[in-house]
Structures are given as structure tokens and as C-alpha cells.
Protein chains: 2
Amino acid sequence: MTTASTGEPRWLSDEEQSVWRAYLHATTLMEDHLDRQLQRDAGMPHIYYGLLVQLSQAPRRQKRMTELAKDAKITRSRLSHAVARLEKSGWVRREDCPSDKRGQNAVLTDDGFEMLRRSAPGHVDAVRQAMFDRLTPEQVRSLGEIMQVVAAGLQPEGTDADLPWLR
Amino acid sequence: MTTASTGEPRWLSDEEQSVWRAYLHATTLMEDHLDRQLQRDAGMPHIYYGLLVQLSQAPRRQKRMTELAKDAKITRSRLSHAVARLEKSGWVRREDCPSDKRGQNAVLTDDGFEMLRRSAPGHVDAVRQAMFDRLTPEQVRSLGEIMQVVAAGLQPEGTDADLPWLR
DNA sequence: GACCTTTTCTTGAAAGTTGAACTAGATAGA
DNA sequence: TCTATCTAGTTCAACTTTCAAGAAAAGGTC
């Protein structure tokens, strides 16, 4: 977007710097933590797990590749590789889309669903311990609002129409 | 730590689920955004940039490898690769540690410092636009507290001694 | 239909990450 | 000193991500 072209850059205040550092550290540690937890208990990185969760909640436990990529906020290329891997592990299979011969549906297999059922409690537990058990209800509410605002601002444009609260 | 072994798993409430989703989306989008911005303007991923920033703020613009890895929250292995890459780009060089023959210091070169000076304004700008310009002062303060708590909870143990507010 | 553009998904190579194995030097105890 | 153990950092192989390129089908427009 705009690069700092006009005038002096607006540096971060001391408080902003400290908040930014805390944000980076917390998110880095959280990502590492969940990656390790899921690699250990489900044999896959966090993002792959997220894909399976998305599928498990979709109508017939399936989704078009592009839609899945958009919902999971990753590129189609990355999704192709990821689904190939999950397919090899037996947790997802591909099906041709009947209405569009270019299309593929990623389908959660029964094995995939079962694996999810088994590892979900441990994962929820990890999330709780790392985040929700440490925050007051007030903080949880506040975090939700903040993350909504940030996500909305970074949303690939066009989606802004859905988000009147951007300001 | 503890796995969900005893009794029913404590699932997330509707609000918690929604907050968690927002958190994942916002942090994913933010990481992508900064990676792209820095790849474009500084020719390196966000984490590499962070390493250079750390060095720029250290006493003689240098740090022991292990210390740098700890401060940046990455493994020594990952740091080895990263520094090798940054060395090839000319922004860091390695020096033997005089007091410990096993040790290496990563030193920010003048070129590295100059590159940082040039790209800092654009980076701050990106961070501002994505986060601080969208939040109220109240929200910034709250986010800081929340991230501190979360980071403290995930800190590899032992560090807990520094953090009496954990509960 | 012929032509051009767009969308969908995949592929391949280069870059980055991970975890385990390994080397060399430091440390401590007998 | 001799030995065992620990620490610092690197390396390798397997895996994941990115970016650019490409094949195939869909959607106009004339």
C-alpha cells in the first residue's frame, strides 16, 4: 500500500513498541506450542489440523479447494501440497466436482474424522491452558474485538463490504 | 503438560470459539502481510528481519548465537541456517567468541545496519496500518496485557521466576 | 464457432524449517 | 589427569512453504 514516502516516519511510542514485542513473542510461542502439540498427538502441523477441522464442519464433510484455501487463509498452491500430504496419510481424499470439471472437492475420510475425534480433546485442552484459562472474561471479550478489527483490516480487499465496523 | 485424561474435555464456549477463530485469522493474516512487505522491501522474511533488529540493539551490534536464538524464540538449528543466509547476503558476519572457543558471535555489518535504516520506516508504517492505527488507546493497552499473560504462560519454564503476575 | 480472458488446480524448483545426530570445547568429579 | 557429562553450534535428511509457470475448463464477445 502506501510506503513511508511523505515526511517523517511515525515511529512507535514506547508503549506501542512494548505491546508489539509482546504480540510477536506471544504469537510465536503459541504457534510453536500448538505445532508441537499436534505434531506429537496427531502427526501433523497446526495448519493441517485446521484444514481437517474446516472439512469436518462443512456440509458433507467436503469443500471445494478454492473455498477451503480462502477459509483457511492460505494459497491454493499451499493447499494443493497440503491435501496431497493429507491424502497420503489417508485423512482426506479428492473427488471430482460434478458441476465444474476443473474443480476438486477435498473430502474428509472416516479415518480422518476419527483421528479428529480422538485428538480434539487434547487440542482444546492445549488452547485452554495457553490462553483462555489465563484470561479474565473481560480480556477474552476484548481480545475478540481486537482480533476482529485487525483481521478485517488485513482481509484481501472486497471483503470490506461485509465489515462496516472498520470505521 | 497434562493431557485431557480425566473426565470430559472442557470444550470452548461459543464466544471462546469465535475469539479463537478471530485470533487465528488475524495472526495468520498479519504474519503473511509482514512477510510479504519485508520480502518485497528488504528481501527477507519477517523473522530474519527481527534477527537484524535484535542485533542492531545489542551492545556492539553483536550477540552470541544461543542468546540470539533465545531472544528471538527460535531453535539454534533454525538460527544457524538463518545466519548462514544473512551472511551470504552480507548483512551479518560471524566472529569467533574470544572467551569460549565453541562460541560464535553474530555481528551486524555496516551494510546490514544501513539496510535496516532504509527499510525501518516502511516496516513501522506497515505495522501501524495493520494494527495500531486501527485500535483505540484502550485496546492497545489491553492487548499488551493479554499478550504478556499469554507469552508468560508459554515461556519455556524457569523463566516463570521473573513473572510473579502469572497467578 | 473462434478468440480472448478468467478461473481452478497442479507442478517443480528454490528457500525455509524441523528434529536428530554429530563435533568440539567446557566443566566437574574421582 | 582421566573420565563422564554438559553446552555451543553445525549439519543432514525429511518435510513444508513460496513463487512462477503451466494445463484444462469456463465464461464472455464478436
Exercise for review: Assign each of B/Asp32 and B/Asn105 to its nearest nucleotide of DNA chain D by heavy atoms, then name whichever residue's nucleotide is nearer the 5' end.
Suggested key: B/Asn105
Review point. Of B/Gly43 and A/Cys97, whose closest DNA chain C nucleotide lies nearer the 5' terminus?
Key: A/Cys97
Side-chain donor-acceptor distances from residues 71-80 of chain A under 3.5 Å, at least two apart:
from	atom 1	to	atom 2	distance (Å)
A/Asp71	OD2	A/Lys63	NZ	2.6
A/Lys73	NZ	B/His25	ND1	3.4
A/Thr75	OG1	A/Arg78	N	3.1

Check your understanding: Hey, does B/Tyr49 have a side-chain heavy atom less than 4.5 Å from the side chain of B/Gln39?
Key -> no
**Study point:** Under-4.0 Å salt bridge between A/Glu138 and A/Arg141
**Key:** yes
Revision key, fill the gap. A/Gln39 atom CD is separated from C/dG19 atom P, nearest whole Å, by 7 Å
Check your understanding: Between B/Arg36 (CZ) and D/dA20 (P), how many Å, whole number?
Key -> 10 Å
**Study point:** Atom-pair distance (CZ on A/Arg85; C1' on D/dA14), nearest Å
**Key:** 11 Å
Review point. Can a donor-acceptor pair be found between the side chains of A/Thr27 and B/Thr27 at a distance below 3.5 Å?
Key: no
Point to revise | Distance in angstrom units between B/Leu68 CG and D/dA8 P, rounded | key: 14 Å
Could I get a table of every N or O pair under 3.5 Å where one atom is in the protein and the other is in nucleotides 10-13 of chain D?
from	atom 1	to	atom 2	distance (Å)
D/dT10	OP1	B/Arg94	NH1	2.2
D/dT10	OP2	B/Ser80	OG	2.5
D/dT10	OP2	B/Arg94	NH1	3.3
D/dT10	O5'	B/Ser80	OG	3.4
D/dT11	O4	B/Ser77	OG	3.2
D/dC12	N4	B/His81	NE2	3.3

Practice item. Grab the NE2-P distance between B/His46 and D/dT18 for me, whole Å please. Key: 15 Å
**Study point:** Non-hydrogen atoms of B/Gln155 and A/Leu29 that approach each other most closely
**Key:** NE2-CD1, 3.9 Å
Exercise for review: Compare the minimum distances between each of C/dT8, C/dT17, D/dG9 and the side chain of A/Thr66, then state the nucleotide with the smallest one.
Suggested key: C/dT8
Review point. Can B/Arg117 and B/Glu114 be counted as an ion pair, charged N to O under 4.0 angstrom?
Key: yes
Practice item. Return no unless some side-chain N or O of B/Arg102 is found under 4.0 Å from OP1 or OP2 of D/dC6. Key: no
Exercise for review: Would you mind classifying the nucleic acid contact of B/Asp100 as base, sugar-phosphate or nothing, using non-hydrogen atoms under 4.0 angstrom?
Suggested key: sugar-phosphate
Check your understanding: When you match A/Glu67 and B/Lys101 each to their closest nucleotide on DNA chain C, which lands nearer the 5' end?
Key -> A/Glu67
Exercise for review: Find the distance A/Asp96:CG to C/dT8:C1' and express it as a whole number of Å.
Suggested key: 13 Å
Review point. What is the nucleic acid contact for B/Ile47, judged by heavy atoms within less than 4.0 Å: base, sugar-phosphate only, or nothing?
Key: sugar-phosphate
Exercise for review: Would you mind reading off the distance between A/Ile74 atom CD1 and D/dC19 atom P, rounded to a whole angstrom?
Suggested key: 14 Å
Check your understanding: Does C/dT18 have OP1 or OP2 sitting under 4.0 Å from an N or O in the side chain of B/Arg78?
Key -> yes
**Study point:** Rounded distance in Å - CZ (A/Arg64) to P (C/dC9)
**Key:** 4 Å
Check your understanding: Is the distance between the ring centroids of B/His46 and B/His33 under 6.0 Å?
Key -> no
